[in-house]
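Here the structure comes first, spelled out in structure tokens, and everything after it is commentary.
Labels below follow one simple rule: chain letters A, B, ... track the order of the sequence lines, proteins then strands, and each chain is numbered from 1. The structure presented is a predicted model; accordingly, all values stated were derived computationally and were not measured. Both backbone and side-chain heavy atoms feed into the values below; hydrogens, waters and symmetry mates do not.
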Amino acid sequence: MRILFIGTGDIGLPAFNALLAATQHHVVGVVTQPDRPAGRGNKLTASAIKQRALEAGIEVHQPLKIRNYVEALQALQPDIAVVIAYGQILSKAVLEVPRLGCLNVHASLLPLHRGAAPIQAAMLANNAETGVTIMHMDEGLDTGDVVLMDRLLLRPDHTGGLLHDELAALAPTSLLEALDLIAAGKATRTPQDNTNATHVGKLTREHGRLDWTRSAVELERLVRAYNPWPGTFTTLPEGAVLKVHTARVVPDAEVCPVAGTVVAASPKQGLLVATGHGILEITEVQAEGRKRLPARDFLAGHSLEVGARLGGEKTA
RNA sequence: CGCGGGAUAGAGCAGCCCGGUAGCUCGUCAGGCUCAUAACCUGGAGGUCAUUGGUUCAAAUCCAAUUCCCGCAA
């Protein structure tokens, strides 16, 4: 089939590569977000999808607003469009450009976790499993009829980044299978059960502020889910931000004082913090302007007194 | 030219403003102590202070340029 690939995020890269490699399909064009100033120095940066497309010699389109770009897309005469982590809402007119409509690859088991951050949401919800869903897009946000799903069990060692990569690696198989079914006219369309739907909005850094009144178990999960993005952090007694990269729950923790209190802080004991329920050991940190470090190394050069309070602004 | 911080022993940091013997915590090595320990005590090794140039009797420290690293913001 003639396929139009629409996507920006890295999560679509394996699927994109699979489409390029598939002999039964022909990628007729790529639509991705315009290059944006990014990184230190605000240099214009092209998405990985764009870079890969250019390598493969495929036409790249970067409309500011895809809804005003319908005619150019029609010119490509795609049979179907594949949309993964594009970053713009597709209007009805855009959705109707391809003869067979638009397929979306979504990184959750719909109708759970519709929206922008399904991977982190599945972890935070402590779901037993998550996966990828291939669906026909309609005008709603991740509400279209489902073609198929592939599942993945969540593990205690999963971080948001690791899960992201595993789901990205899972996507090509699911996508190709769905395309084959559609090409053969054997695809089924299962409407989503809207009564079970949940939504997640875009994540911001502020979502990563650790609220010490929550339990150590919840906080550990948050740290994992938000690693590497948007990351989690707390504030030191002086008010400086301290990023928290990894943490673990201290088993058999005794009853502790006020949430956010430093229970131990030395290169030998590590950095232990009282939470609303249980004790959390912060194992890897990063201070402003410094590199990420094991907490014990951090403590070798920074004094942090037992009894000090972290995250003062919020947990007061 | 978006804003800002940093580079000093194997690791993490102080010292720099106010030039003059290289310092702290940890690790490491040796010895000691203890029923025992992420325990404690004693002693040792380990550094062209990012690079290059300048100022000076003298530069980790002051000046200039370069390289690399990171935080914020997007």
Point to revise | Verdict with reasoning, A:Asp79 to A:Arg99, per salt bridge (Lys or Arg N to Asp or Glu O under 4.0 Å) | key: CA-CA 5 Å; A:Asp79 292 314; A:Arg99 179 171 62 87; 3.1 Å; yes

Exercise for review: Would you indicate whether A:Leu141, at its atom CG, is surrounded by more than 12 heavy atoms from other residues, nucleotides or ligands within a distance under 6.0 Å?
Suggested key: yes

Which donor-acceptor pairs under 3.5 Å do the side chains of residues 129-137 of chain A make with protein atoms, sequence neighbours left out?
unit_1	atom_1	unit_2	atom_2	d
A:Glu129	OE2	A:Arg151	NH1	2.6
A:Thr133	OG1	A:Ser108	O	2.5
A:Thr133	OG1	A:Leu110	N	3.2

Review point. Under 4.0 angstrom, heavy atoms only, what part of the nucleic acid is A:Gly41 near: base, sugar-phosphate, or nothing?
Key: base

Review point. What integer number of Å spans the C1' atoms of B:rC68 and B:rA30?
Key: 38 Å

Practice item. Determine the Euclidean distance between corresponding C1' atoms of B:rA39 and B:rC13; express it in Å to zero decimal places. Key: 25 Å

Study note, to complete from the structure: For A:Cys102 and A:Leu90 the tightest heavy-atom approach is SG-CD1, 4.4 Å

Check your understanding: For atom P, what is the distance between B:rA7 and B:rA50, given to the nearest Å?
Key -> 8 Å

Review point. Taking atom C1' in both B:rG23 and B:rG15, what distance in whole Å separates the two?
Key: 7 Å

Review point. Nucleotide range of RNA chain B contacted by chain A, 5' to 3', under 4.0 Å to a heavy atom?
Key: B:rG2 to B:rA74

Study note, to complete from the structure: Scanning all shown strands, the Watson-Crick or wobble mate of B:rC26 with both distances under 3.5 Å is B:rG10

Point to revise | Pairing nucleotide - B:rA39, Watson-Crick or G-U, each distance under 3.5 Å | key: none

Practice item. In whole angstrom, give me the gap between the P atoms of B:rC49 and B:rA36. Key: 45 Å

Exercise for review: Would you tell me whether A:Glu166 and A:His158 have side-chain atoms, one donor and one acceptor, within less than 3.5 Å of each other?
Suggested key: yes

Point to revise | Distance between C1' atoms of B:rA74 and B:rG4 (Å, rounded) | key: 15 Å

Practice item. Assign each of A:Gly301 and A:Arg292 to its nearest nucleotide of RNA chain B by heavy atoms, then name whichever residue's nucleotide is nearer the 5' end. Key: A:Gly301

Review point. For B:rC62, which nucleotide in any strand shown is its Watson-Crick or wobble partner with both distances under 3.5 Å?
Key: B:rG54

**Study point:** Euclidean distance for P, B:rG31 against B:rC70 (whole angstrom)
**Key:** 42 Å

Check your understanding: Salt-bridged, A:Arg209 to A:Glu206, with N to O below 4.0 Å?
Key -> yes

Exercise for review: Give none if B:rC18 has no partner; otherwise give the nucleotide forming a Watson-Crick or G-U wobble pair with it, both distances under 3.5 Å.
Suggested key: none

Review point. Given the C1' atoms of B:rU61 and B:rG10, what is the spacing between them in whole Å?
Key: 25 Å

**Study point:** Under 3.5 Å on both distances, the Watson-Crick or G-U partner of B:rG71
**Key:** B:rC3

**Study point:** Heavy atoms from other residues, nucleotides or ligands near CD of A:Glu238 exceed 12 (cutoff 6.0 Å)
**Key:** yes

**Study point:** B:rG46 pairs with, by Watson-Crick or G-U criteria that keep both distances under 3.5 Å
**Key:** none

Check your understanding: Base, sugar-phosphate, or nothing: which does A:Arg296 touch, judged by heavy atoms less than 4.0 Å apart?
Key -> nothing

Check your understanding: Which comes earlier along RNA chain B counting from the 5' end, the contact point of A:Arg36 or that of A:Pro267, where each point is its nearest nucleotide?
Key -> A:Pro267

Exercise for review: Provide the closest heavy-atom pair for A:Lys50 versus A:Gln62 in the form atom of the first, atom of the second, distance.
Suggested key: NZ-OE1, 3.0 Å

